[in-house]
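Below: the structure, in structure tokens.
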There are 2 protein chains.
Amino acid sequence: MTKDERLQWFEATLEQAGMRRTLPRRILLRLLAASERPLSAQDIYEQTESDINLVTIYRTLNELTRLELLIRTEFGEGFYRYEPAPGPSDTDHHHHLVCDSCGSIADFEGCMVDAMLTQTTIPHNFQVASHTLTLHGTCERCQTSPK
Amino acid sequence: MTKDERLQWFEATLEQAGMRRTLPRRILLRLLAASERPLSAQDIYEQTESDINLVTIYRTLNELTRLELLIRTEFGEGFYRYEPAPGPSDTDHHHHLVCDSCGSIADFEGCMVDAMLTQTTIPHNFQVASHTLTLHGTCERCQTSPK
DNA sequence: TTCGGTGCAAATACTTTGCACCCTT
DNA sequence: AAGGGTGCAAAGTATTTGCACCGAA
């Protein structure tokens with residue numbers, strides 16, 4: 001899924017949900033789609049140079065997460081980070097590598113959890129819809145020069 | 001590891017760290033060791049019938065987490081939950097099944113992530129120390145009578 | 001024109017900190 | 001006796017809510 005396809009899907013989903021295509025929403029989606037790593041509300045606030053009210057950012061993030069256009073994750077920092085969802089027909093998703101030393105967050109492609117789950121007995125007849133996997137450890141930079 | 005062994009390990013670790021064996025700490029450890037599921041600070045506060053100050057609970061949870069006696073996890077609720085750590089010589093750990101309908105949290109034993117990782121290339125030479133896996137979905141009860 | 005969206009101010013939720021007193025060692 | 005631990009009050013972050021105005025459809 002290219003960046004343009006993603007933005008198009010975003011706009012189509014907004015329309016389909018009867019939501020207006022406003023400036024804050026488009027700026028925010030564009031920002032998240034372009035980002036290398038999950039962004040917090042504060043991150044977005046700073047990157048938009050305060051053009052968008054922080055409250056609007058929170059409200060927009062909630063709306064877009066509800067529409068499943070965004071994924072919300074907490075990495076042990078005390079606040080949430082958001083990133084674009086994989087997309088509807090996209091079975092591909094990624095997870096994250098969190099450096100416990102410097103706090104950097106990198107993507108980790110090639111998830112094998114779904115394959116793993118087919119070989120595992122899930123207790124209580126629990127019906128799995130999705131999963132979150134986060135690997136904690138030390139990034140390359142911090143291995144050579146620890147903070 | 002039995003419940004008694006665990007409590008003993010807790011006390012030994014406290015002593016070794018030069019920390020005093022106080023009532024709040026023992027009550028809290030006992031409560032967590034006996035609990036079926038991860039507890040929040042608020043949960044603990046209610047279960048101790050307010051015998052322990054909420055601030056003390058927060059401080060104690062932080063201390064015990066720092067000593068790696070507890071594990072802290074966020075399940076998308078907006079606050080942290082705590083549970084006893086697997087233990088030093090214990091390679092066994094478990095993950096969680098979170099019902100998106102009723103919010104129940106159940107344990108999920110038999111983690112295969114470590115095995116999976118040996119067959120996976122981790123990018124950027126990232127050195128993995130630990131991981132967190134959470135399965136989201138619908139519990140048995142909510143499958144028959146959705147909320 | 002209509003009604004959803006935004007900004008501002010204030011409130012809420014969770015967690016941390018400062019300080020005096022308490023109690024384990 | 002000494003110093004870490006606790007409780008109380010207050011502060012600090014992250015996030016949400018109420019309400020009047022604004023602007024996309």
Side-chain angles (χ1 to χ4, degrees), chain A residues 10-32 38-67 69-83 103 105, chain B residues 10-32 38-67 69-83 103 105:
Chain A
F10 282 162
E11 307 251 322
T13 306
L14 281 187
E15 169 143 27
Q16 183 184 324
M19 290 173 65
R20 293 180 181 170
R21 214 174 306 134
T22 66
L23 195 60
R25 284 177 188 161
R26 259 183 293 176
I27 292 180
L28 199 142
L29 283 171
R30 192 156 309 209
L31 211 71
L32 283 162
L39 299 177
S40 68
Q42 191 62 45
D43 286 342
I44 294 170
Y45 185 62
E46 285 160 9
Q47 289 192 33
T48 52
E49 290 170 322
S50 316
D51 287 340
I52 309 176
N53 191 284
L54 187 56
V55 173
T56 300
I57 292 174
Y58 275 111
R59 264 191 291 233
T60 306
L61 289 172
N62 281 340
E63 289 294 291
L64 299 179
T65 302
R66 195 172 49 74
L67 292 178
L69 290 176
L70 298 182
I71 299 228
R72 191 185 77 168
T73 317
E74 205 277 343
F75 293 98
E77 303 163 303
F79 48 82
Y80 289 114
R81 291 186 175 276
Y82 298 80
E83 65 188 325
I105 301 171
Chain B
F10 282 162
E11 306 251 322
T13 305
L14 280 187
E15 169 143 26
Q16 184 184 323
M19 291 173 66
R20 293 181 179 167
R21 214 174 308 134
T22 65
L23 196 59
R25 286 179 187 160
R26 258 183 294 177
I27 291 179
L28 199 142
L29 283 172
R30 191 156 310 211
L31 212 72
L32 283 163
L39 299 177
S40 67
Q42 191 62 44
D43 286 342
I44 294 170
Y45 184 63
E46 284 160 10
Q47 289 192 33
T48 52
E49 290 170 322
S50 316
D51 286 340
I52 308 177
N53 191 284
L54 187 55
V55 173
T56 301
I57 293 174
Y58 275 110
R59 264 192 289 234
T60 306
L61 289 172
N62 281 339
E63 290 293 292
L64 300 178
T65 302
R66 195 173 48 75
L67 291 177
L69 290 176
L70 298 182
I71 298 227
R72 191 186 76 168
T73 317
E74 204 278 343
F75 292 98
E77 302 164 304
F79 49 82
Y80 290 114
R81 290 185 175 277
Y82 299 80
E83 66 187 325
I105 301 172

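Within every chain, numbering begins at 1; the chains are lettered A, B, ... in the order of the sequence lines, protein sequences first and strands thereafter. Side-chain atoms are counted along with the backbone in the values below, which use heavy atoms only and exclude waters and symmetry mates.
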Given atom [atom1] of [X] and atom [atom2] of [N], what is their separation to the nearest angstrom?
| X | N | atom1 | atom2 | value |
| --- | --- | --- | --- | --- |
| R21(A) | dC3(C) | CZ | P | 20 Å |
| L23(A) | dG7(C) | CG | C1' | 14 Å |
| L14(A) | dA25(D) | CG | P | 10 Å |
| I57(A) | dT17(D) | CD1 | P | 17 Å |
| I52(A) | dG5(C) | CD1 | C1' | 12 Å |
| R66(A) | dT15(D) | CZ | C1' | 17 Å |
| I44(B) | dT15(C) | CD1 | P | 11 Å |
| Y45(A) | dT15(D) | OH | P | 15 Å |

Under a 3.5 Å threshold, yes or no: a donor from one side chain and an acceptor from the other, between D43(A) and S40(A)?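 D43(A) vs S40(A): donor-acceptor pair found between side chains.
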
For a quick check under 3.5 Å, do N62(A) and T65(A) share a side-chain donor-acceptor pair by atom type?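 No - no donor-acceptor pair under 3.5 Å links their side chains.
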
Report the nucleotide, chosen from [options], that has the shortest atom-to-atom distance to any side-chain atom of [X].
| X | options | value |
| --- | --- | --- |
| R25(B) | dG5(C), dC14(C), dG5(D) | dG5(D) |
| R59(A) | dG7(D), dG5(C), dT17(D) | dT17(D) |
| T22(A) | dT6(C), dT16(C), dT15(C) | dT6(C) |
| P24(B) | dG7(D), dT6(D), dG7(C) | dT6(D) |

Side-chain N or O of N62(B) versus OP1/OP2 of dT16(C): is the shortest distance under 4.0 Å?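 The answer is yes; a side-chain N or O of N62(B) sits under 4.0 Å from OP1 or OP2.
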
Phosphate OP1/OP2 of dT15(D) contacted by Y58(A) side-chain N/O (<4.0 Å):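 For dT15(D), OP1 or OP2 has a side-chain N or O of Y58(A) closer than 4.0 Å.
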
Closest nucleotide of DNA chain C for L54(B) versus for M19(A): which of these residues is on the 5' side?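 Residue closer to the 5' terminus by nearest nucleotide: M19(A).
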
Could you say whether T60(A) or F79(B) is positioned toward the 5' end of DNA chain C, judged by the nucleotide with the nearest heavy atom to each?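 On the 5' side of the pair lies T60(A).
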
Matching residue for E11(A) among R20(A), R25(A), R21(A) - test: salt bridge (charged side-chain N to carboxylate O under 4.0 Å, His left out):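 Of the listed residues R20(A), R25(A), R21(A), the salt bridge (charged side-chain N to carboxylate O under 4.0 Å, His left out) partner of E11(A) is R21(A).
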
Can you establish whether the number of heavy atoms outside R30(A) located under 6.0 Å from its atom CZ is more than 12?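 Result for CZ/R30(A): open.
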
Using a 4.0 Å heavy-atom cut-off across all strands, classify G78(A) as base, sugar-phosphate, or nothing.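 Touches sugar-phosphate only.
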
Is there a donor-acceptor pair closer than 3.5 Å between any side-chain N or O of T56(A) and the backbone N or O of I52(A)?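 No.
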
Regarding dG5(C), can its base be found pairing with the side chain of R20(A) as donor and acceptor, where the two atoms are less than 3.5 Å apart?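 Answer no: no donor N or O sits under 3.5 Å from an acceptor.
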
